[in-house]
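Report on one structure; see the data block that follows.
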Amino acid sequence: MKKLLLLLLFISYSLSIFAQKIKYSKAFLQKLTQTEIDIFTPTEGKYKSIRPSKNDYQPIDHVIFSKQEGIEIRYAVIPYEEDKLTTQVPHVDFMRVVTSTATNEDEEALVSVHAIEDAELKAHFNADWGSMAYYQPKSRFSKYKHCRLLSLYTEGKGTVYVFFLFDEASRALDNRLHLLQFQTKL
């Protein structure tokens, strides 16, 4: 009986060591609540929270990273403000973010922008507007070779930017696309 109890304790301890190490700051959780965004924590890939590094291009609220998957995911949440026009025109702010974070060091670097169809926006993100961009990030913004930027907006709630940074595309990258959504309107 004691051996069984010790074995169970060892297993539970081992599982806690290998569990995800994602911790959300109070400020980030407050922004998620204010914008009514539900975030889903990846259960595989051994993701960990890391401190957002300071950069001159885009303030970042939260960062998770998986060495196993080779992906860093950065979140920037911009709550809607009635008296601040930039929080009401997501397509303009999206292009500002893209041009701020995409490289201009290489003349041949491409930026590819794709609108997200309304049906997909509603089904997967419960958002009113959304777009994605693929580009090479500025070296001072990220050490990774590639960025897939997801931007989602819901009127009266706000905008969220999700930067997927990676060196090589993988299935894991697509598996991480739906990590958040706006809460359902009642």
Side-chain angles (χ1 to χ4, degrees), residues 21-25 27-29 31-32 35 37 39-42 45-81 84-116 120-121 124-125 127 129-154 158-180:
K21 295 181 177 155
I22 297 177
K23 295 182 176 130
Y24 301 107
S25 70
F28 182 60
L29 291 172
K31 279 187 169 184
L32 292 174
T35 53
I37 293 173
I39 193 162
F40 308 108
T41 304
K46 296 183 180 179
Y47 277 85
K48 298 177 188 177
S49 294
I50 57 175
R51 179 166 294 184
S53 57
K54 205 95 157 138
N55 71 77
D56 297 330
Y57 307 107
Q58 175 63 45
I60 301 296
D61 295 306
H62 186 71
V63 180
I64 61 175
F65 164 75
S66 169
K67 186 175 183 178
Q68 180 180 347
E69 294 182 351
I71 302 171
E72 180 176 299
I73 303 172
R74 299 181 187 182
Y75 300 91
V77 179
I78 294 88
Y80 176 87
E81 293 180 42
K84 194 172 182 182
L85 193 57
T86 58
T87 67
Q88 301 170 32
V89 285
H91 56 287
V92 174
D93 198 50
F94 171 72
M95 290 311 297
R96 177 199 60 79
V97 171
V98 170
T99 56
S100 294
T101 58
T103 188
N104 55 3
E105 300 156 4
D106 180 0
E107 291 180 18
E108 295 187 24
L110 299 175
V111 175
S112 176
V113 175
H114 306 275
I116 302 173
E120 185 178 351
L121 279 173
H124 296 290
F125 303 109
W129 178 90
S131 194
M132 278 198 285
Y134 297 86
Y135 56 88
Q136 179 183 351
K138 286 183 170 138
S139 59
R140 291 183 59 201
F141 179 71
S142 173
K143 64 180 176 149
Y144 290 94
K145 295 177 187 174
H146 306 286
C147 178
R148 174 171 69 180
L149 172 61
L150 170 66
S151 176
L152 301 169
Y153 169 83
T154 293
T159 305
V160 61
Y161 295 105
V162 185
F163 299 85
F164 297 91
L165 300 157
F166 57 97
D167 287 330
E168 292 186 32
S170 67
R171 181 173 296 245
L173 184 64
D174 288 333
N175 291 342
R176 302 291 162 244
L177 184 61
H178 301 109
L179 287 178
L180 56 79

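When the shell of 6.0 Å around CD of Glu105 is examined, it contains more than 12 heavy atoms from other residues, nucleotides or ligands. Within 6.0 Å of CZ on Arg140 lie no more than 12 heavy atoms contributed by other residues, nucleotides or ligands.
In summary, the aromatic rings of Tyr24 and His62 are positioned with their centroids under 6.0 Å apart. The aromatic ring centroids of Phe94 and Tyr153 lie 6.0 Å or more from each other.
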side-chain contact (heavy atoms from CB on, under 4.5 Å) between Ile37 and Thr154: does it pass, once the steps are laid out? CA-CA 10 Å; Ile37 293 173; Thr154 293; over 6 Å; no
Derivation and outcome, side-chain contact (heavy atoms from CB on, under 4.5 Å), residues Leu180 and Tyr75: CA-CA 10 Å; Leu180 56 79; Tyr75 300 91; 3.8 Å; yes
Determine, stepwise, if the pair Leu179 / Val162 fulfils side-chain contact (heavy atoms from CB on, under 4.5 Å). CA-CA 9 Å; Leu179 287 178; Val162 185; 5.9 Å; no
Please assess Phe28 against Val77 for the test side-chain contact (heavy atoms from CB on, under 4.5 Å), listing each intermediate value before the final yes or no. CA-CA 8 Å; Phe28 182 60; Val77 179; 3.9 Å; yes
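Between Leu165 and Pro137, the shortest heavy-atom contact is CD2-CG, 4.2 Å. Across every non-hydrogen atom of Val63 and Glu72, the tightest pair is CG1-CG, 3.6 Å. Considering every non-hydrogen atom in both Pro79 and Thr87, the closest pair reads O-CG2, 3.5 Å. In this structure, Arg148 and Phe166 approach most closely via the heavy-atom pair N-CE2, 4.0 Å. When all heavy atoms of Ala109 and Gln136 are compared, the closest pair comes out as CB-OE1, 3.9 Å. In this structure, Phe125 and Leu152 approach most closely via the heavy-atom pair CD2-CD1, 3.4 Å.
For the pair Val97/Leu149, a side-chain contact is recorded, criterion being any heavy-atom separation below 4.5 Å from C-beta on. Side-chain contact between Val160 and Thr35 is absent, with no heavy-atom pair separated by less than 4.5 Å. Side-chain contact between His178 and Phe40 is absent, with no heavy atoms from C-beta onward closer than 4.5 Å. Residues Arg176 and Pro42 have side chains in contact (heavy-atom distance under 4.5 Å, counting atoms from C-beta outward). Side-chain contact check for Ile71 versus Tyr47: some heavy-atom pair is nearer than 4.5 Å. Taking 4.5 Å as the limit, every side-chain heavy atom of Asp61 sits out of range of all side-chain heavy atoms of Pro52. Residues Ser142 and Arg74 form a side-chain contact, since some pair of their non-hydrogen atoms from C-beta on lies under 4.5 Å apart.
Atom CH2 of residue Trp129 and atom CG of residue Leu121 lie 9.0 Å apart, to the nearest 0.5 angstrom. For the atom pair NZ of Lys138 and SG of Cys147, the computed distance is 12.0 Å after rounding to the nearest 0.5 Å. Between the CD atom in Gln88 and the OG1 atom in Thr159 there is a gap of 10.0 Å [rounded to 0.5 Å]. Atom CD1 of Ile64 is separated from atom NZ of Lys23 by 14.5 Å, given to the nearest 0.5 angstrom. Rounded to the nearest 0.5 Å, atoms CZ (Phe163) and OH (Tyr161) are 8.0 Å apart. Separation of atoms CD1 (Ile73) and CD1 (Ile60) is listed at 12.5 Å; rounding is to 0.5 Å.
A donor-acceptor pair under 3.5 Å links the side-chain atoms of Asp167 to the main chain of Lys145, judged by distance alone.
At a threshold of 4.0 Å, the pair Asp174-Arg171 does not count as salt-bridged, since none of the basic side-chain nitrogens sits closer than that to a carboxylate oxygen.
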